[in-house]
Amino acid sequence: MQAMGFQRPSSYKQKQQSVPKTAKEVEDQGDSFINTRIPYLSPTTNEPIAFDSYYNSWVAEHPSALGSFDRMMKASKGKTIAVFLDYDGTLSHIVDDPDRAFMSDEMRGAVREVAKLFPTAIISGRSREKVKDFVKLSNVYYAGSHGMDIMAPARPRKYNDGKHQTVALDKKESEVLFQPAKKFLPAIQEIFTILEEKTKKIQGARVEDNSFCISVHFRQVRKEDYGMLEEKVKSVVENYPEFHLTEGKMVLEVRPSIDWNKGHALEYLLDTLGFSSSAGDVLPLYIGDDRTDEDAFKVIRSRGGQGYPIIVSSAPKDTSASYSLRDPSEVLAFLLRLGKSRKASSSSRSLARFGGFR
């Protein structure tokens, strides 16, 4: 059964192998890791299958953002980079229990440093409060519920690249900027309560309240129970014409039917930062791993190459992203390099100003 285009969970698994866990290990292995060919197991024979040509052709179209880093930074010279990051599968690994999708201290440090140098936002399907609890940083924007709940940094932050000088103002400890689906909150709570009751007997099913949307996780649901879970969720949503059902990574999501997604959130944040009228001067950089991030990728692609949409995936997939990273360890390495490159650039300008270079 594939109602609404949803697919049953697959048993197609990546073969376990030694993969670097820290940014230093990634950097130490360099291109030898970036170009590693990851074998996959056949779902029927459990034997390795040929994957090289398919994956290599996909990487040729979506080159590694690590391997392309110097070229990307060269093209950004004289422009402002604005950083947008998904959370699950990007800053943290995908895990069976969504409440345990913790980011590492090293990743948190890398995001903190990047946010000191560039306007930075976390755009997640999680509720704003949940993703904020995971990230635990006060110098970033948070856009929860796929961008339907946006909050400014808790502390004023000035970004000055010589052309733009942007200040994120905050009157209180936190400031909610935008909530386009606020009128749907009572109905969302009603749907959440009904879904909890309807799905409680399905082993492994979990309903998560993400404030302006509802996530029904099925990562731990048995394959034979998935059809029943999908039918139950559909039967509830059908009674609420102002809502619709979408699919993410092992999750069904109930959202208000408004014209708003992560792409709109990206545009709103750029406008808030004062960059809407200077498309040629700002380069939005968006890193995400899910199909919900495709809306943001498309927005960046529509800017005529002025920006970097980066997909996080170790397997080929249809995407509007221009570049790729394999997993959160490569995201970490990329963010560390991004911070170091701006610091190095600033140091070079300072040295040149004082006669440090001849």
Side-chain angles (χ1 to χ4, degrees), residues 23 26-27 30-31 34 59 61-86 90-91 110-123 139-141 157-168 262-263 265-288 293 296-312 319-325 330-353 357:
V26 173
E27 291 178 333
D31 290 343
I34 295 169
V59 171
E61 295 180 4
H62 310 89
S64 165
L66 281 173
S68 308
F69 186 84
D70 290 340
R71 180 166 56 85
M72 293 166 67
M73 292 302 103
K74 184 177 180 180
S76 72
K77 188 170 295 185
K79 300 181 180 181
T80 297
I81 293 177
V83 179
F84 300 90
L85 304 165
D86 179 34
T90 299
L91 299 181
V111 176
R112 180 187 293 112
E113 291 305 308
V114 165
K116 290 178 181 178
L117 301 166
F118 310 96
T120 301
I122 313 293
I123 304 181
N139 61 343
V140 302
Y141 285 79
R157 170 64 57 186
K158 181 180 289 187
Y159 308 96
N160 191 346
D161 64 355
K163 288 189 175 182
H164 303 93
Q165 190 163 301
T166 303
V167 179
K262 288 185 176 182
L266 185 151
E267 291 178 313
Y268 176 86
L269 284 163
L270 285 175
D271 185 50
T272 300
L273 290 165
F275 295 140
S276 60
S277 61
S278 55
D281 293 336
V282 62
L283 293 177
L285 185 156
Y286 189 106
I287 307 177
D293 299 306
F297 295 157
K298 291 173 184 176
V299 166
I300 296 178
R301 291 291 290 267
S302 71
R303 297 168 62 89
Q306 296 297 314
Y308 302 124
I310 304 171
I311 183 76
V312 182
T319 180
S320 295
S322 301
Y323 299 91
S324 65
L325 293 167
E330 286 202 357
V331 174
L332 174 57
F334 183 88
L335 293 177
L336 287 174
R337 287 186 68 179
L338 182 62
K340 290 176 182 176
S341 71
R342 176 49 59 94
K343 286 181 179 179
S345 176
S346 299
S347 297
S348 297
R349 286 197 297 268
S350 297
L351 286 170
R353 188 178 301 117
F357 287 99

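- In terms of the side-chain contact (heavy atoms from CB on, under 4.5 Å) criterion, residue partners of Ala65 (sequence neighbours excluded) are, by chain and number, Met72, Ile310, Tyr323, Leu325, Phe334.
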message: Test side chain to side chain contact (heavy atoms under 4.5 Å, CB included) on Phe84 and Asp293; report intermediate values, then the result.
response: CA-CA 10 Å; Phe84 300 90; Asp293 299 306; over 6 Å; no
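- Contact between Arg303 and Val282 at its shortest, heavy atoms only, is NH2-CG1, 3.1 Å.
- The nearest pair of heavy atoms linking Ala115 to Asn139 is CB-ND2, 3.4 Å.
- Using a 4.5 Å heavy-atom cutoff, the side chains of Ile123 and Tyr141 are not in contact.
- When the ring-ring contact (aromatic ring centres under 6.0 Å, His included) test is applied to Tyr286, the partners found at least two apart in sequence or on another chain are Phe297.
- Considering all non-hydrogen atoms of both residues, Arg301 and Pro309 come closest at CD-CG, 4.0 Å.
- Taken to the nearest 0.5 Å, the NZ atom of Lys262 stands 12.5 Å off from the CG atom of Leu269.
- Rounding to the nearest 0.5 Å places OG of Ser68 at 10.0 Å from OH of Tyr308.
- Atom CG of Asp70 and atom CZ of Arg337 lie 5.5 Å apart (nearest 0.5 Å).
- Looking at residues two or more places apart in sequence or on another chain, you find a side-chain contact (heavy atoms from CB on, under 4.5 Å) between Thr90 and Asp86, Ile287, Asp289, Val312, Val331.
- Looking at Leu338 and Leu117, their side chains never come closer than 4.5 Å, going by heavy atoms from C-beta outward.
- Atom CD1 of residue Ile81 and atom CG of residue Leu283 lie 6.0 Å apart, to the nearest 0.5 angstrom.
- Inter-residue side-chain proximity for Leu335 and Val111 is flagged as met; some heavy-atom pair is nearer than 4.5 Å.
- Within the 4.5 Å cutoff, side-chain heavy atoms of Phe275 are placed close to those of Pro119.
- Every residue was checked against the side chain to side chain donor-acceptor pair (under 3.5 Å) condition with Ser320, not counting sequence neighbours, and none meets it.
- Among all heavy-atom pairs drawn from Ser341 and Met73, the shortest one is OG-SD, 3.9 Å.
- The structure places OG1 of Thr319 at 5.5 Å from NE2 of His62, a figure rounded to the nearest 0.5 Å.
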